[in-house]
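A short worksheet on the structure shown next.
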Amino acid sequence: CLIICAVIFIIGLFKKIPPVEMFMTSVGLAVAAIPEGLPAIVTIVLSIGVTKMAKKNSIIRKLPAVETLGGARVICSDKTGTLTQNKMTVVEMYGLGANEDKILELSSMCTDSEIEIKEGKYISTGEATEVAIVNEALNRSINKYELYRTRERIKDIPFDSARKMMSTVHKDGSGYLVITKGAPDVLLKKCSRYFDGNRELTIDTNTIKHIEQNNSKMAERALRVIAVAYKKIDNISQVNEENLTFLGLIGMIDPPREGVKEAVATCRRAGIKTVMITGDHIETAKAIAKELGILKTADLAITGQELSKIPQNILERDIMRYSVFARVSPEDKVRIVKAFQSTGAVVAMTGDGVNDAPALKTADVSVAMGSVGSDVAIEAADIALLGDDIGKIPYLKKLSNSTLFTIKANIAISMTINAVAIICSVLGLLNPVTGAIVHNAGSCLVVLNAALLYDRKFDKSIKKIDTENMEHSHY
């Protein structure tokens, strides 16, 4: 249309029409060429898309995300609560002589979960890992509140992602008992002794190696492993997390969410790389990633400690080789997202916890779990999945692609109608009034076509996804 206006301006100059008059005429024609229905097209298409996804429990909080998601080439996802159900169950325990009840007694005392009575049965509520521990203790008639009667809880050192452990302090006769639970690889470094079931013994290299081997065996079976330790002190001023006595390990299973494996496969077929980012042990992360199809033979896995030793320029060069990041901090997650962005890829981030919020903010488009997700994560995200179904992401991507296709197609149609109307008006085939009517009628038809075309395009895309998933699940 702009070329046509430029040609008309030049023709007017050759016909000795004053340049100012021809310039004003050309500008008027250029303005007329702009699709009047463009704002309506964008609004209608986005509204239809938002409505459709709302019916599937996917709330788009920021409309630009609808467009951005269509270009996503990397999806970075938190594991616990996003790829997995965040419904943990204790399935295994290990101790160097300490019985399981002893491990459960101390570990349940070192929790912040609450115990409620529902339908005449004790049930624990709170963070998933602690709930699993307390529920297993309750199944064995171990109630932490009853234990608090003789060992009152008087102080605690809350968990944080940097320390990867938490501690509670209890009154114990004339002294105090410090109980600590956390990541085994971190907690073992704090232990100088271990409990063999009868007495405390000095921990040596062979004992540590034996504990680490059992930790790895649990992790390789996709279990989340928590270590439990303690120490007795005489004075409250001596409270710290050093020189602990190792007690045992607790292994919990957290099953993958239904539909995640199929969603990962759909993304892979579409050329989208899915990446797992988690605070869990690397062996646990690798086991889950392999089960979901995220970690393939040629892909690499790395820990946060190893990541910290890699210069940023090297990380950006090799980032596409990694599919699993384990034992990472919130700062590491931001660094990982930025490294993927440095390749020119549009990066999507999914998560549910407070520690995911910085990465959710950094990503080009972010998705939070709306039901189990924290308020901080939801506030930081562009899209909230109310059903916590990450399998909806392929649908969201198709929504984005359908939106872009519809907007572009109808802009092209509108520009074509306007160009034809301009040419016909210049050649005298249409008088100004008729040209205006054709111009406005064309805009109305384009808006109507946008709604109908988008509806058909989106429904066809969704049916294609369902067909592909059924075929691949069959094989």
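The shortest side-chain heavy-atom distance between Leu83 and Leu292 falls under the 4.5 Å cut-off. Counting heavy atoms from C-beta outward, Thr202 and Ser192 have side chains that stay 4.5 Å or more apart. Using a 4.5 Å heavy-atom threshold, the side chains of Val74 and Val346 count as separate. Between Pro256 and Gln85, every side-chain heavy-atom pair lies at or beyond the 4.5 Å cut-off.
Among all heavy-atom pairs drawn from Arg73 and Ala345, the shortest one is CB-CB, 4.2 Å. Residues Glu136 and Arg140 come closest through the heavy atom pair OE2-NE, 3.1 Å. Listed here is the closest heavy atom pair of Leu138 and Ser124: CD1-N, 4.4 Å. Closest of all the heavy-atom pairs between Tyr148 and Ser108 is OH-O, 4.4 Å. A pairwise comparison of heavy atoms in Thr68 and Asp364 identifies CG2-O, 3.7 Å as the closest pair. Closest heavy-atom contact between Ala72 and Ile272: O-CG1, 3.7 Å.
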Determine, step by step, whether Phe246 and Leu96 satisfy the side-chain contact (heavy atoms from CB on, under 4.5 Å) criterion, reporting the C-alpha distance in whole Å, the side-chain angles of both residues, the deciding distance to 0.1 Å, and the verdict. CA-CA 9 Å; Phe246 175 81; Leu96 292 167; 4.2 Å; yes

Go through the steps for Arg268 and Thr274 under the test side chain to side chain donor-acceptor pair (under 3.5 Å), then give the verdict. CA-CA 7 Å; Arg268 186 176 287 273; Thr274 306; over 6 Å; no

For Arg327 and Asp332: C-alpha separation, side-chain torsions, deciding distance, then whether salt bridge (charged side-chain N to carboxylate O under 4.0 Å, His left out) applies. CA-CA 9 Å; Arg327 285 284 190 254; Asp332 291 330; over 6 Å; no

Set out, in order, the CA-CA distance, both residues' side-chain angles and the distance that settles side chain to side chain donor-acceptor pair (under 3.5 Å) for Glu114 and Tyr145, then state yes or no. CA-CA 9 Å; Glu114 301 291 335; Tyr145 290 134; 2.8 Å; yes

Thr284/Arg221 under side chain to side chain donor-acceptor pair (under 3.5 Å): CA gap, chis, key distance, verdict: CA-CA 7 Å; Thr284 303; Arg221 297 200 303 276; over 6 Å; no

Test side chain to side chain donor-acceptor pair (under 3.5 Å) on Thr303 and Gln305 and set out the steps. CA-CA 5 Å; Thr303 65; Gln305 187 176 9; 5.3 Å; no

Could you check Tyr230 against Phe195 for side-chain contact (heavy atoms from CB on, under 4.5 Å), going step by step and ending with a plain yes or no? CA-CA 10 Å; Tyr230 71 92; Phe195 182 69; 3.6 Å; yes

Chi angles and distances behind the side-chain contact (heavy atoms from CB on, under 4.5 Å) call for Lys190, Met165: CA-CA 11 Å; Lys190 306 287 185 180; Met165 55 186 177; 3.5 Å; yes

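Remark: Lys164 fails to qualify as a cation-pi partner of Phe159 under the 6.0 Å distance and 45° angle criteria applied to the six-membered ring.
Remark: Glu220 CD is packed, more than 12 non-hydrogen atoms of other residues, nucleotides or ligands lying under 6.0 Å away. The number of heavy-atom neighbours closer than 6.0 Å to CD of Glu306, taken from other residues, nucleotides and ligands shown, is above 12.
Atoms CG and NE2, from Leu177 and His170 in turn, are 6.0 Å apart once rounded to the nearest 0.5 Å. To the nearest 0.5 Å, atoms CD1 (Ile59) and CG (Asp382) are separated by 14.0 Å.
Side-chain atoms of Lys273 come within 3.5 Å of backbone N or O of Met320 as a donor-acceptor pair. Here the side chain of Asp160 pairs a donor or acceptor atom with the backbone of Arg163 at under 3.5 angstrom. Of the possible donor and acceptor atoms, one in the side chain of Glu130 sits under 3.5 Å from a partner among the backbone N and O of Asp112.
Using a 4.0 Å cut-off between a side-chain N of Lys or Arg and a carboxylate O of Asp or Glu, Arg151 and Asp172 qualify as a salt bridge. Residues Arg335 and Glu331 are not paired through a salt bridge, judged by the lack of any N-O separation under 4.0 Å between the basic side chain and the carboxylate. Salt-bridge check for Asp299 with Lys296: failed, with every basic side-chain N at 4.0 Å or more from each acidic carboxylate O. Salt bridge status for Lys338 with Glu316: absent, with no side-chain N to carboxylate O gap under 4.0 Å. The residues Asp280 and Lys79 are annotated as salt-bridged, a charged nitrogen and a carboxylate oxygen being separated by less than 4.0 angstrom. Comment: Lys171 does not engage Glu152 in a salt bridge, judged by the lack of any side-chain N to carboxylate O separation of less than 4.0 angstrom. A salt bridge links Glu200 and Arg193; the closest N-O separation between the charged side-chain nitrogens and carboxylate oxygens is under 4.0 Å. Remark: Lys231 does not engage Glu241 in a salt bridge, criterion side-chain N to carboxylate O under 4.0 Å.
Neither side chain, Arg257 nor Thr84, offers a donor N or O lying under 3.5 Å from an acceptor on the other. Side-chain contact of Lys144 with Thr111: a donor-acceptor pair under 3.5 Å is present, judged by distance alone.
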